[in-house]
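Structure first, commentary second.
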Amino acid sequence: MGTTGLTVRITHPFHPLKGQTFDMISRSPHWGDDRVIYRAADGTLPTIAAAMTDMEQPDAFRRVAAGRAAFRTADLLDLLTLLDRVSAPGEAEDA
């Protein structure tokens with residue numbers, strides 16, 4: 001599989017590959033998220049949210065937080081709702 005001729009740099013401040021550049025394979029929606037597929041050093045084709053790369057300008061939260069905040073309030077509230085749902089006794093969903 002060839003590349004697009006573009007590179008993508010991981011920019012998210014807490015990502016373990018921050019600062020590394022990879023050959024971009026494609027960019028498209030996956031799992032309801034704008035994702036970039038890139039060729040890793042080992043030849044695999046992982047995906048990453050486009051917002052965690054230089055393919056997208058930082059949103060207002062990331063500009064204001066300037067790397068000082070690991071999580072958005074809305075995301076933490078969503079996580080709390082999910083944890084409450086899965087930990088509620090007798091309300092587990094069938095798989």
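In this chain, residues are counted from 1 in sequence order.
Interatomic distance, CD1 of I37 versus CG of D23, reported as 13.5 Å (0.5 Å rounding). From D54, atom CG reaches atom CE of M24 across 10.0 Å, with rounding to the nearest 0.5 Å. Rounding to the nearest 0.5 Å gives a distance of 10.5 Å between CZ of R27 and CG of L6. For the atom pair L80 CG and D75 CG, the distance stands at 12.5 Å (nearest 0.5 Å). Separating the CG atom in L45 from the CZ atom in R39 is a distance of 5.5 Å, to the nearest 0.5 Å. Here the CG atom belonging to D33 is positioned 10.0 Å from the CD1 atom belonging to I48, to the nearest 0.5 angstrom.
A donor-acceptor pair under 3.5 Å links the side-chain atoms of R35 to the main chain of T47, judged by distance alone. In terms of modelled atom types and a separation under 3.5 Å, the side chain of T44 and the main chain of A40 share no donor-acceptor contact. A donor-acceptor pair is defined here as one N or O able to donate and one able to accept, closer than 3.5 Å; such a pair exists between the side chain of T81 and the backbone of L77.
At a threshold of 4.5 Å between non-hydrogen side-chain atoms, the residues Y38 and L17 count as touching.
Taking every heavy atom of both residues into account, L83 and S87 meet most closely at O-OG, 2.7 Å.
The stretch residues 69-88 participates, sequence neighbours left out, in no ring-ring contact (aromatic ring centres under 6.0 Å, His included) pair at all.
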If you apply the rule side chain to side chain contact (heavy atoms under 4.5 Å, CB included), what do you find for T21 with V8, and how did you get there? CA-CA 6 Å; T21 303; V8 60; over 6 Å; no
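With respect to V36, the side chain to side chain contact (heavy atoms under 4.5 Å, CB included) criterion is satisfied by exactly one of M52, H30, M55: M55.
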